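Index from 1, following the sequence. Every number for a ligand or one of its atoms is a count from 1 in the order of the listing. Note that the structure is a prediction, hence the values are computed from the model and not measured.
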Amino acid sequence: MYQLRGVTKQYRRAKDTVEALAGIDLTIGDGDRLVIQGPTGGGKSTLLQMLGGLDRPTAGSVELDGTDLAKLPEARLTKVRAESIGFVFQSFNLIPTLNAQENVETALVPLGLKVADRRERAAEALKSVGLGERL
Ligand SMILES: Nc1ncnc2c1ncn2[C@@H]1O[C@H](COP(=O)(O)OP(=O)(O)OP(=O)(O)O)[C@@H](O)[C@H]1O
Ligand SMILES: [Mg+2]
């Protein structure tokens, strides 16, 4: 469950400050499905970056199951992203020098799995979405 309180994000460029999020309070329960809708530049991507632990708010708290992502040290945040958060990006974000299996495996590297386990899980994941022939 997510609990956001007073989430504010300001981007500063030289003397300009853009307030992308201004005091967002939001609760997202387990199993909830949420659509974020709004005009371009309205802060949707910024909010997703806060939820995903990809960036930190300027002020406020982003609690995921009671842990404030805004305050977590980078190494712990990396662990949360690896273990608790899934991302489906609009663009593929594939690494062109890696093959399909290696691309999937990169997401498992922060989990510290043995190479053989990593390989097996990546292969299973690809097969499960009908991409077994790409292995
Ligand atoms: N890295 C950045 N540096 C400076 N300003 C930024 C940065 N990222 C976003 N902004 C600004 O913050 C505001 C919110 O942007 P954001 O990308 O979150 O909007 P959005 O709702 O996702 O828009 P879109 O519908 O176009 O994807 C905009 O004014 C944008 O220009
Ligand atoms: Mg966006």
Please classify the Val18 to ligand 1 contact at 4.0 Å (heavy-atom distances, strictly less than): side chain, backbone, both or neither. side chain
Within the structure provided, determine whether [X] and [Y] are in side-chain contact (heavy-atom separation under 4.5 Å).
{"X": "Arg119", "Y": "Gln101", "answer": "yes"}
{"X": "Leu64", "Y": "Leu51", "answer": "no"}
{"X": "Met1", "Y": "Ile28", "answer": "no"}
{"X": "Asp55", "Y": "Met50", "answer": "yes"}

Closest approach of any protein heavy atom to [atom], naming residue and atom:
{"atom": "atom 16 (P) of ligand 1", "answer": "Thr46 OG1, 3.6 Å"}
{"atom": "atom 24 (P) of ligand 1", "answer": "Thr40 OG1, 3.6 Å"}
{"atom": "atom 25 (O) of ligand 1", "answer": "Lys44 NZ, 2.7 Å"}
{"atom": "atom 9 (C) of ligand 1", "answer": "Tyr11 CE1, 3.4 Å"}
{"atom": "atom 19 (O) of ligand 1", "answer": "Gly43 N, 3.2 Å"}

Evaluate the 4.0 Å heavy atom contact test for atom 30 (C) of ligand 1: does a protein atom fall under the cut-off? no
[X] [atom1]: over 12 foreign heavy atoms closer than 6.0 Å:
{"X": "Lys79", "atom1": "NZ", "value": "no"}
{"X": "Arg121", "atom1": "CZ", "value": "no"}
{"X": "Phe92", "atom1": "CZ", "value": "no"}

Just to be sure I'm reading this right: ignoring hydrogens, which of Ser45, Gly41, Pro39 gets closest to atom 23 (O) of ligand 1? Compare them by their nearest heavy atoms. Gly41
Residues Thr17 and Gln10: side-chain donor-acceptor under 3.5 angstrom: no
For ligand 1, find out whether one of its N or O atoms is nearer than 3.5 Å to an N or O atom of Ala20. no
Is there a polar contact between ligand 1 and Gly38, counting only N or O atoms under 3.5 Å apart? no
Taking both backbone and side-chain atoms into account, decide whether Ser45 has an N/O/S atom under 2.8 Å from the Mg ion (ligand 2). yes
Could you tell me which atoms of ligand 1, counted from 1 in the order shown, lie closer than 4.0 angstrom to a heavy atom of Arg13? 4 (C), 5 (N)
